[in-house]
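One is the number of the first residue; the rest follow in order along the sequence.
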Amino acid sequence: MSTVKYWVWLSSLTGIRPKTKSALLAQFGSPEAVYFAEGNDYRETEGITSAEISVLAEKDLSAALMIIDGCGADGIDILTMQDAGYPVRLRNIFDPPAILYVKGKLPVIDEEAAVGVAGTRKSTVYGNKMAKKFGYEIAKSGGLVISGLAEGIDSLAATGALEAGGRCVGVLGTAVDIVFPRFNKKLFEDVAATGAVVSEYPPKSSVPGWSFPARNRIISGLSLGVLIVEAPEKSGALITAAAALDQGRDVFAVPANADSTAGLGSNRLITEGARAVLNGSEVMSEYAEMFPHRVRPLSACDRMTGAAAGDTDKDAAVKRSGKTEREKGDGFAALRVPSSKKTEEEKKPDERADLAMQLENLTESQLRIVSVMSVCSMHADDITELCGLPVHEVLSELTMLQINGFVNQEKGKRFTLNITAGK
């Protein structure tokens, strides 16, 4: 108790930024030494402001003692940086939280293949489907999902992980006992029951406006990598990606349509070097060697079905019947059908007109790529050399072409054009 109260005192000072708290601990060695320091001593702390020094000058421990008593009554654990259970992975970031308040049972993070999943609150139907699918498949592959539990992508990724029978750690930007958004109460309870909900803010406390961006460093700090499912150009999820890069974590992104405003930020991450992934197994494959006893390949029955991930009733019915339905609308390619299955009548239409219809919705860059794919199983390097586009643009556009059915990807970064000359 004698040591914990000083940790709680320092941690609960909301008028002091996380990086200042880290600097104080680095300078003085312990929160107790910070408490007993004088005003002039604080001035030596790198980056500290006059306002923060004024906050430190108030040496009242009564609030800290009330927090400790309240946590004990509500079953909330207090995990300080000096405790053995505090994740080493998190402790080693630039500005770790001095304390984690934990509701539930925090897994041994350093033994987990943990992946942070983030995205926009204003997610699309596609983003919702992908978030739930990736959360499910990461958990089924043996991963631990780290989520901010915000509305939209975060919540659906957590839901997917729980539906897979996995665990999730929710990282809050509010006090540990405050559910935000309020309609997520059941999800918060389920996450705490199977994993844990954590915050650097004590129960019943009000938090500063920068608390939500600040919590993103904890999401990435607990994780080996961060997956951005869907994010517009200006999104808090991109702050999480930036924090991950600063901490030396991997960054993955789910591709969106090239003209999607909701996915503009996540698509941009791919062009800047984030790994484009199409399912949760691709994310977890990065950590198979690191955690051979945890990470496992997905079987066909482990993958989330379209209906479970959010398909329409019509889509689900088609899949249950075993029948396939041709995709309709602008931008879809006619996929190859074995010639033995084509009737003579199907082969007769004007091939040039049909090919033009398939290509009319491609971007200029995509058309340049398609035009040079004259043989099967072309390596990405050969495509890049022939079309004259930057390699990052070629890889990004090939991903979009693959998603929309225009190309098939094979092993070894090889691609085959999937556009027919006739229907």
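Contact annotation: the side chain of Ile68 approaches that of Lys5 to within less than 4.5 Å [non-hydrogen atoms, C-beta and beyond]. Pro97 has its side chain within reach of Arg217: a pair of non-hydrogen atoms, C-beta onward, lies under 4.5 Å apart. Side-chain contact between Lys21 and Leu10 is present, with at least one heavy-atom pair separated by less than 4.5 Å. Using a 4.5 Å cut-off on side-chain heavy atoms (C-beta onward), Val115 and Val145 make no contact. Side-chain contact check for Arg167 versus Leu162: every heavy-atom pair is 4.5 Å or farther apart. Side-chain contact between Tyr101 and Ile78 is present, with at least one heavy-atom pair separated by less than 4.5 Å. Within the 4.5 Å cutoff, the side chain of Val283 has no heavy atoms near those of the Glu137 side chain. Proximity of Ile383 to Val394: side-chain heavy atoms (C-beta onward) are separated by under 4.5 Å at one or more points.
Glu397 CD to Thr399 OG1: the interatomic distance, rounded to the nearest 0.5 Å, is 9.0 Å. Atom CZ of residue Arg249 and atom CG of residue Leu245 lie 11.0 Å apart, to the nearest 0.5 angstrom. A distance of 11.5 Å separates CG in Leu386 from CD1 in Ile369, rounded to the nearest 0.5 Å. Rounded to the nearest 0.5 angstrom, Tyr86 OH and Leu100 CG are separated by 5.0 Å. To the nearest 0.5 Å, the span separating CH2 on Trp7 from CG on Leu79 amounts to 10.5 Å. Here the straight-line distance linking atom CD1 of Ile93 with atom CD1 of Ile218 works out to 7.0 Å at 0.5 Å rounding.
Side-chain atoms of Glu393 and Ser365 include a donor-acceptor pair closer than 3.5 Å. Under the 3.5 Å distance criterion, with hydrogens and angles disregarded, no donor-acceptor pair is assigned to the side chains of Glu230 and Ser123. With 3.5 Å as the limit, one finds a donor-acceptor pair spanning the side chains of Tyr287 and Asp250. The closest side-chain donor-acceptor pair between Asp381 and Thr384, if any, does not fall under 3.5 angstrom. At a cut-off of 3.5 Å, with distance as the only test, a side-chain donor of Asn184 or Ser155 sits close to an acceptor on the other residue.
Shortest non-hydrogen contact noted between Pro232 and Thr120 is CD-CB, 3.5 Å. Closest heavy-atom contact between Phe188 and Val197: O-CG2, 3.9 Å. Here the shortest heavy-atom pairing between Thr416 and Ser377 reads OG1-N, 2.8 Å. Closest non-hydrogen pair, Glu233 versus Leu238, comes out as O-CD1, 3.2 Å. In terms of heavy-atom proximity, Leu25 sits nearest to Ser30 at CD2-C, 3.8 Å. Scanning both residues, Ala113 and Phe291, for their nearest heavy atoms gives CB-CD1, 3.9 Å.
Within 6.0 Å of atom CD in Glu46, 12 or fewer heavy atoms from other residues, nucleotides or ligands are found, so the atom counts as exposed in its surroundings. A 6.0 Å sphere centred on CD of Gln82 holds more than 12 heavy atoms belonging to other residues, nucleotides or ligands. For Arg268, the CZ atom counts as loosely surrounded, since its 6.0 Å shell holds 12 or fewer non-hydrogen atoms of other residues, nucleotides or ligands. For CE of Met66, the number of neighbouring non-hydrogen atoms (other residues, nucleotides, ligands) closer than 6.0 Å is 12 at most.
With Val198 as the partner, the side chain to side chain contact (heavy atoms under 4.5 Å, CB included) test is satisfied by one option alone out of Leu106, Asp77, Ile99: Leu106.
By the 30° and 60° cut-offs, the orientation of the rings of Tyr6 relative to Tyr35 is tilted.
Checked by atom type and distance alone, the side chain of Ser147 pairs as donor or acceptor with a backbone atom of Leu149 at under 3.5 Å. Remark: the backbone N or O of Pro18 is not paired with any side-chain donor or acceptor of Asp95 at under 3.5 angstrom. For the pair Ser396 (side chain) and His392 (backbone), a donor-acceptor distance under 3.5 Å is absent. A side-chain donor-acceptor contact under 3.5 Å links Glu52 to the backbone of Arg17. Remark: side-chain polar atoms of Asp154 are not paired, donor with acceptor, to backbone N or O of Arg121 under 3.5 angstrom. Checked by atom type and distance alone, the side chain of Thr45 never pairs as donor or acceptor with a backbone atom of Ile48 at under 3.5 Å. Checked by atom type and distance alone, the side chain of Ser223 never pairs as donor or acceptor with a backbone atom of Val226 at under 3.5 Å. Put simply, the side chain of Gln27 never gets that close to the backbone of Leu24: no donor and acceptor are under 3.5 Å apart. A donor-acceptor pair under 3.5 Å links the side-chain atoms of Asp83 to the main chain of Thr80, judged by distance alone. A distance-only check finds no donor-acceptor pair linking the side chain of Arg215 to the backbone of Leu172 [under 3.5 Å].
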Original post:
Yes or no on side chain to side chain contact (heavy atoms under 4.5 Å, CB included) for Gln409 and Phe415, after CA distance, side-chain angles and deciding distance?
Top reply: CA-CA 5 Å; Gln409 183 173 3; Phe415 299 83; 3.6 Å; yes
**OP:** Would you sort out whether Ile76 and Val102 count as a side chain to side chain contact (heavy atoms under 4.5 Å, CB included), showing the intermediate values?
**Re:** CA-CA 6 Å; Ile76 296 170; Val102 182; 5.8 Å; no
**OP:** Could you walk me through whether Ile109 and Leu144 pass side chain to side chain contact (heavy atoms under 4.5 Å, CB included), step by step?
**Re:** CA-CA 9 Å; Ile109 296 293; Leu144 174 68; 3.8 Å; yes
**OP:** Evaluate the criterion salt bridge (Lys or Arg N to Asp or Glu O under 4.0 Å) for residue pair Asp74 and Lys204; output intermediate values, then yes/no.
**Re:** CA-CA 11 Å; Asp74 295 339; Lys204 300 178 177 59; 3.7 Å; yes
Subject >> From CA spacing to verdict: side chain to side chain contact (heavy atoms under 4.5 Å, CB included), Arg294, Glu112 >> reply: CA-CA 8 Å; Arg294 287 195 180 275; Glu112 297 284 346; 3.7 Å; yes
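Here Ile178 pairs with Thr174, Ala175 under the side-chain contact (heavy atoms from CB on, under 4.5 Å) rule; sequence neighbours left out.
A salt bridge does not link Lys122 with Glu151: every distance from a Lys NZ or Arg NE/NH1/NH2 to an Asp or Glu carboxylate oxygen is 4.0 Å or more. Ion pair Glu286/Arg275 flagged as a salt bridge, since at least one NZ, NE, NH1 or NH2 atom sits closer than 4.0 Å to an Asp/Glu carboxylate oxygen.
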